[in-house]
Each structure stands twice: as structure tokens, then as C-alpha cells.
There are 2 protein chains.
Amino acid sequence: MGLTRSEIFTDEQNQLSTLLKAIAHPARIAILQRIIISNSCICGDLVDELGLAQATISQHLKELKTSGIIQGTIEGVSVCYCINPKTWSLLGEILGEFLSSYKGATDCC
Amino acid sequence: MGLTRSEIFTDEQNQLSTLLKAIAHPARIAILQRIIISNSCICGDLVDELGLAQATISQHLKELKTSGIIQGTIEGVSVCYCINPKTWSLLGEILGEFLSSYKGATDCC
DNA sequence: CTTGTATATTGCAATATTACGATATATAGT
DNA sequence: ACTATATATCGTAATATTGCAATATACAAG
């Protein structure tokens, strides 16, 4: 088929995979790093800094916003995007739990 | 176009996005959880437990293996897959650094 | 060496993602 | 109202991902 069969997985598994998928792109990682460093970001800056077209960056920003990882407010002629603290900490919790559920292991392989 | 322009990003950004992409699928999250719980896993079990075809699960296992997140050894007629501790802790480090680089923020939005 | 069982690979169809040019929209300044 | 600037959306092409049936491969048991 080609579409992910999310109905056979738990809500938690789907939620984590959705959040991770939103971050799992180098451009979006770069955008997030840039937002975090400057603690406010304008799309135009990114177009100059990353080597991607304006339309492409706008699209990546939209994806990050749709998934709730960033939020943005209109600031006159430009837009101010920043991290959504709630989603960010939620991701940290879920991911931390997931990663730490594996403990060193009695070697089998 | 349609292909990610990884050449314009740093190695670190590409590495993190590659690892995240490997995990960013509910089936692969479910597989990892299962491997962690049982600390050894056989593909056949997964076919029974998740509702996916054997070919599909084998493919997901291959992706997890290619990205270095799991490793597998042949055990007679079946295969034992388990977490690759090195990659797992690497992911934890990179991700922890990334997530913690954002600190609460002087609110702008 | 044949049979049964377990996993991998191949081939293919459906859908999703990535990227960008062109265009639309919105606001500030004149 | 008109212009310049900034961001969003649309349309489209290229590529990637997801899922599965069919088939191949590998091994153990007989």
C-alpha cells in the first residue's frame, strides 16, 4: 500500500513517531538550532543562512508549527517563530523514558 | 527535486536526522520496545504481536539494523536482534544535548 | 537429500516527502 | 492608492517510504 497503518499502534507510539518525524530532517534541525540560539527567528534570515529556497523553508516552518514544536506570532511585516515550551518538554519526557527503558543489557548478540 | 539536500548541512545535523528518521515510525518504535522488554527478539514473534506482514517487519528490522540502532546474530533457524548499545548511547547523548540546548526562554511569542 | 520452519529479498502499487518557481497575501512606508 | 518587502500557498516534478504477495534462502530434523 504505502500508508502507515497507525491504527494498529498505541497512541503513545504514534505520538512519539509523529514528533520525531517532524524533527528528523537536517533542515528542520538546523532551523530549530537557529531558533534556540537567537531565541526568535525570522524566515528571511534562514533563507540567507541555509541554502534553501524561501518556499522550502516556509514549508519546513509550517511542519514544525503543525506538529506543535514551534509557535509563531506575526510581528509587523515579519513573523517571530520560537520553540513551544510545552511540546519541547513533552518530547523530552517521552523520549527520555523511551531511551532510558533500555539498560545496558545482559548481552545476547 | 524531492531529495534531501544533505550536502548543505553539517555532519552532525545529518547524523541526528538519520538516526531520528530510523526511529520515527510507530512500527519501529514498537519493535524497539519489544526488543528492550524481552532483551532478545525473534521476528516471528513480532509478526504475531504487531499486525504487520512478515516481509514488512523484516524490512523495518533491516532499516533499524542499517542505521546501527540494532544488531543481530543468527541463532540457528531464527535470528536474535538486540539493541546496539553504542548507537543507543550515542543517540542519547546527541539528543540530550540538542534538547537541553533550549532553556525555558525569555518569552518572545 | 528432502521437508518443514524461519527470515530475507524482490517486485510492485499506493502514498508521502522534499524542493522550488510562480503567485498570492499582508503590512509598512511613501 | 502605490510600492517595496516579507512570508505563505499553489502546483508540480523528483524521490523516498510503506506495505505486502511471491519467491528465495538458510538451517534443522528426519
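Atom set for the values below is all heavy atoms of this structure, side chains included, hydrogens, waters and symmetry mates excluded. Protein chains get the first letters and strands the later ones, always in sequence-line order, with residue 1 at the start of each. Since the model is a prediction, treat every value here as computed from it, not as a measurement.
In this structure, NZ of A/Lys21 is placed 12 Å from C1' of D/dA16, rounded to the nearest angstrom. Summarising the geometry, the separation between CG on B/Leu50 and C1' on D/dT18 is reported as 15 Å, rounded to the nearest angstrom. With rounding to whole Å, B/Leu61 atom CG is found 14 Å from D/dT18 atom P. Nucleotide C/dA8 holds its P atom 13 Å from the CD atom of B/Glu63, rounded to whole Å. What separates CG of B/Leu3 from P of C/dC20 is a distance of 10 Å, to the nearest Å. Between A/His25 atom NE2 and C/dA19 atom P there is a gap of 4 Å when expressed in whole angstrom units. Going from atom CD1 of B/Ile70 over to atom C1' of C/dT7 covers 13 Å, rounded to whole Å. Taking atom CD1 of residue A/Ile31 and atom P of nucleotide D/dT7, one finds them 12 Å apart after rounding to whole Å.
The structure places CD1 of A/Ile69 at 11.5 Å from CD1 of A/Ile31, a figure rounded to the nearest 0.5 Å. Atom OG1 in A/Thr18 sits 11.5 Å away from atom CD in A/Gln13 (nearest 0.5 Å).
OP1 or OP2 of C/dC20 lies within a sub-4.0 Å distance of a side-chain N or O belonging to A/Thr56. Within the structure, every side-chain polar atom (N or O) of A/Lys62 is placed at least 4.0 Å from both OP1 and OP2 of D/dT7. For C/dA8, one of the phosphate oxygens OP1 or OP2 lies less than 4.0 angstrom from a side-chain nitrogen or oxygen of B/Tyr81. Contact between the side-chain N/O atoms of B/His60 and the OP1/OP2 oxygens of D/dG19 is found at a separation under 4.0 Å.
Residue-to-nucleotide contacts include no donor-acceptor pair under 3.5 Å from the side chain of A/Gln54 to the base of D/dA6. Not a single donor-acceptor contact under 3.5 angstrom links the side-chain atoms of B/Gln59 to the base of C/dA8.
Among the atoms of the strands shown, only primed sugar atoms or phosphate atoms (P, OP1, OP2) are found under 4.0 Å from some heavy atom of A/Leu52. A/Ala53 comes within 4.0 angstrom of sugar-phosphate atoms only, judged by non-hydrogen atoms across all strands, and of no base.
Sequence order on DNA chain D of the closest nucleotides to A/Ala55 and B/Gly51 puts A/Ala55 first from the 5' end. Mapped onto DNA chain D by nearest heavy atom, A/Asp45 and A/Ser6 fall at different nucleotides, with A/Asp45 at the one closer to the 5' end.
Closest approach of A/Lys21 to A/Arg28, counting heavy atoms only: O-NH2, 3.3 Å.
Proximity of a side-chain donor or acceptor of A/Thr87 to a complementary backbone N or O of A/Gly68 within less than 3.5 Å is detected.
Counting only heavy atoms from C-beta outward, the side chains of B/Trp88 and B/Ile70 never approach each other to under 4.5 Å.
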